[in-house]
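Data first, discussion second: the structure below is written as structure tokens.
Residue numbers begin at 1 in each chain, while the letters A, B, ... track the order of the sequences.
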Amino acid sequence: MRRMRWCGRAALIMVLALLLVGCSGSDDEAAGPDPTEDPSPVSAESPSEEVSDPAAENAELQAWIEGAREEGSLVLNWGHNGIPESMELWQEAFNEEFGLDVTIEYNPSPSMPDNFASVVQEVQSGRATSTDVFVGSVQFATLGGTQEQDVFEVVDWAAIAPDWPEGVAAFDGSSVTLLHQILGFAYNTDVLDESELPQTVADVVELASTQPVASTPYAAGFTNLAVDELLGPDATVEHVTAFGEVVDGLIGCSDVDRIASGEFVGFWMNCGKNIIDTARETRGAPIDTVVLRDAAITQPWMMGVPKTASNSNTAKLFVYWLQTREAQDILFANTFADNRLLDGSGTGEQIAAREADGIEFVHFDYQKALDEPLAFDREFTGRLIAALTGR
Amino acid sequence: MRSTVISTVAPEPAPAAPLDEQIPRRGRSSLATRIIAAAVTVPSLAIVATLALVAYLGFRTQGVPNGAFTLENYVRVYADPFVYQAALNTVVFVGVTIVVALALGVPLAWLVERTDLGFRSAIYTGMVIRLLIPGFVTAMGWVFMFHPRIGFINQWLEAAVGLSGVGFNVISLYGMGIVQGLSLSGLVFVMVSNSLRTMDSSLEESARMSGAGTLEVLRRVTLPMMAPSLLGATLFVGAIAIAAFDVPLVIGLADNIIVFSTYVFLASNPVEGLPEYGVPAAFSTFMIVLALGVSWWYTRVLGRAHRYEVITGKGYKPTVLRLDRWRNPARAAVATYFLLTMAAPLLFTIWVSVVPFVQPPSVAALDAISLSNFRDLSWGQVQRGLVNTLKVMALAPALTLIASVLFSWVVLRSRLRIRKAYDYVAFMPQAVPNIIFALGALFVALYWTRGWYDLYGSVTLIVLVTALVFIPFATRMINGALIQISGELEEAAAMSGAATFATLRRVTIPLLRPVLVFTWLWLAMLAFRELTIPTLLSTGGNDTVAVVAWAAWQIGRAGHASAISVVMLVLLVPLVVVYLRLTRADRLTSVG
């Protein structure tokens, strides 16, 4: 009985102690200044550090560098495949490049819609965003840009980085490309040999009628087929309907282990060749991707700096720096994808190799995503989901 | 003084007078009662306001507060034939879950509390440890054991028998229900065993002395006396099954089986566009109305609760039935149960944590075993998740129990005219999926908390929301125990001059202590496992370890997710064992 009283009091003290600790407000210790307040002015007296040439010639970049020095941190809620492995290397190289001491706080957040929703809600409510840079598909980039939700900061990238190829930055300056993904048919290399691999969308339906092939419950990527250069809207609906009648199961974009295990022999449309490559190269999973001749698509992942980001200067500087060869090499080494528009791109080489085989790619970028009415049309997507899943 | 002594013959028929005049209650307008009611009003208002906000969101585009007014969400829900298919699937799924959970949990509770089966502490410990294994890992394990094509147990069976298709197909609606039911049978066990432990066995003894066999006693005496706890367990399991999305997501979607929870999950997490909260919010309005109906029915059952009053001021000792030749078969059955519900998922979790990608066990796979998944973990994030989780596990149950004791006291012991309203409110979070509750809380925090009371992105918000959604479970547990405590004990205290608070502190709560202690542990385990609330309220810095593991799972790193789960098991199992050992004396010696 005495032991129970002691235990009860000890437990009560512990609870009270935790209460005091647990009742603290936001846990974001890495957040910089409140963006709703006047930003700390860059001191005219602060010594200018020696930086790389482009930065030295660009006043705005210089301002970003000085701002980053004051901010000292960068919070990234990113969920991309292979990103965790890149972060530490990026931090070191980024700081070395600009003479900074920035700490990157990385929080794996795999749900792109959730991340985007958080950014929108936070910006619209006037709060500092939980991530300083949003990264997501081109569709989210267009949603966050000036044509839609307008939650990303607009930057004159043409003035800051005039040597960037066209298409790296969105035309309205609201987002910048991080990497490109190649879409295709993922398969288990232990089960399917080369002669059985589909080459066209019709081949996929034929294969799926005899062997277990999976897809995603949200018909990911299929709206891309609706462009005139590929199937067009009607043929896309026909194809998805036919595929929906033979698809064996629905899995998530990253459930590649269920292909590797043999539960499914194939996955159409996969969410990026690089996801498959990462599983194969880093974990030995017996999976690979084949790009279909009538459905060869690339689409970018783009970065936007929210208007109420706490570490806005650091964020913009980081986005700028990620276009350097050094940053892109780190990215490709870990995620097996990079920005195809930049010289020396690994993804660019993969595309070139397939183009040499006669495959013609359709490249989605920010402008094309806006120009194609059905590419990310909600109603059209709903039709495809219904055709694929019966919903 | 009205006699509430339980006679040693069959219960008398219900008296004609209304229940209010039967159960001793405190004065209508006593100050203490009003203070307690005022305290209970705070969480009640939080629940009602959150649900009202959710209902409001059902009329807003995208389900956001600043969206335009629209009826489209309701049209999409109630005019879409697919929703009815999903609803039908849900009815089957939930039905199978309830049947399996009760069929396993109730007999197990009876064996542990009413027979000389033995291994009581080990069984309780196993039940608790079971909760530490994430649901999505368990579901994946079942896929690899009983998938019709790649399930290795099915393959062994087919090889042994020489026939194809002899195994169990888990990729089906019934398979999903069985897996979910197995995982929830532990909760049924806890809720029912609590009731059995405190039940006076004199009625059962009388029945046996009158010539009734064991099964007849079970059917005609024990089960009716357990009715409130059985009903509470059924409602609780059903509500969890409706809202659970890990088993349906991992198993059901693989065969294109959509139930309500996956429908809501997919609507809230589209791969393109903003999350759609309006549809789940519109659906929740229906759930709220349903909850009111179920709660009304449940309170009617409670209204006849005095029939189940079995703890009096007189001493008693539960009779333990000797199993004799049935002991070993019973132990074998219990061992099989733990093999399926605990050992298999645990072994699978460990297996996945040491292989580079998820694959069935094989000789070739053994060569690939390594600790790379552990080495590659983001340990800073895991540590942060662990700290946040421990905060939630300690604080949320504490807040829940405080609120629940007060709720139960108001409902079962006070004369307040609106006490039934409090019971309805206490039950509400049960009927509404956690994602909806969390959604309401998210918008409240986002738009209406600032400065020193800013909750957005904090662990505090997760603690508060978790505490609120746990109130139904805790109140059912405490109601079940409080029903069985005769009012004569509190009357005796009152007649001795004790005020309400003193009686509550020195009579009622000590009698409730066993259920409070054990409920705290179970709530802590449920808080550990809770995924929906912290996922929706996560902004990066306030992740719990369940969110960290789920995030790893979502990016295809099942090995990392399992490695995190193994780390948690290694850290938490000793704590659980110590806790159970420290509280064992309380369980065995208390009268109530």
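With a threshold of 4.5 angstrom between heavy atoms, A:Val247 does not approach chain B through any atom at all. For chain B, the nearby part of A:Asn77 is the side chain; its heavy atoms alone come within less than 4.5 Å. For a residue to count as touching a neighbouring chain, one of its non-hydrogen atoms must lie under 4.5 Å from one of that chain's; by this rule A:Ala117 touches chain B with backbone and side chain alike. With a threshold of 4.5 angstrom between heavy atoms, A:Glu148 does not approach chain B through any atom at all.
Ranked by heavy-atom pairs under 4.5 Å with chain B, the list A:Arg283, A:Arg258, A:Glu85, A:Gln121 is led by A:Arg283. No other option in A:Ser261, A:Gly136, A:Cys271 has as many heavy-atom pairs under 4.5 Å with chain B as A:Ser261. Heavy-atom pairs under 4.5 Å with chain A were tallied for B:Val547, B:Leu442, B:Leu446; the largest tally goes to B:Leu446. Among the candidates A:Ala279, A:Ser118, A:Pro212, the residue making the largest number of heavy-atom pairs closer than 4.5 Å to chain B is A:Pro212. Comparing B:Asp376, B:Val64, B:Val250, B:Ile171 by heavy-atom pairs within less than 4.5 Å of chain A, the highest count is held by B:Val250.
Under the 3.5 Å distance criterion, with hydrogens and angles disregarded, a donor-acceptor pair is assigned to the side chains of A:Glu122 and A:Ser130. When only modelled atom types and interatomic distance are considered, A:Gln299 and A:Gln139 share no side-chain donor-acceptor pair under 3.5 Å. Between the side chains of B:Arg384 and B:Asn542, not a single donor N or O lies within less than 3.5 Å of an accepting N or O. In this structure, a donor-acceptor pair under 3.5 Å is present between the side chains of B:Ser372 and B:Ser370. Side chains of B:Thr544 and B:Asn388: a donor-acceptor N/O pair is absent below 3.5 angstrom, by distance only.
Between the side chain of A:Asp377 and the backbone N or O of A:Phe380 there is at least one donor-acceptor pair closer than 3.5 Å.
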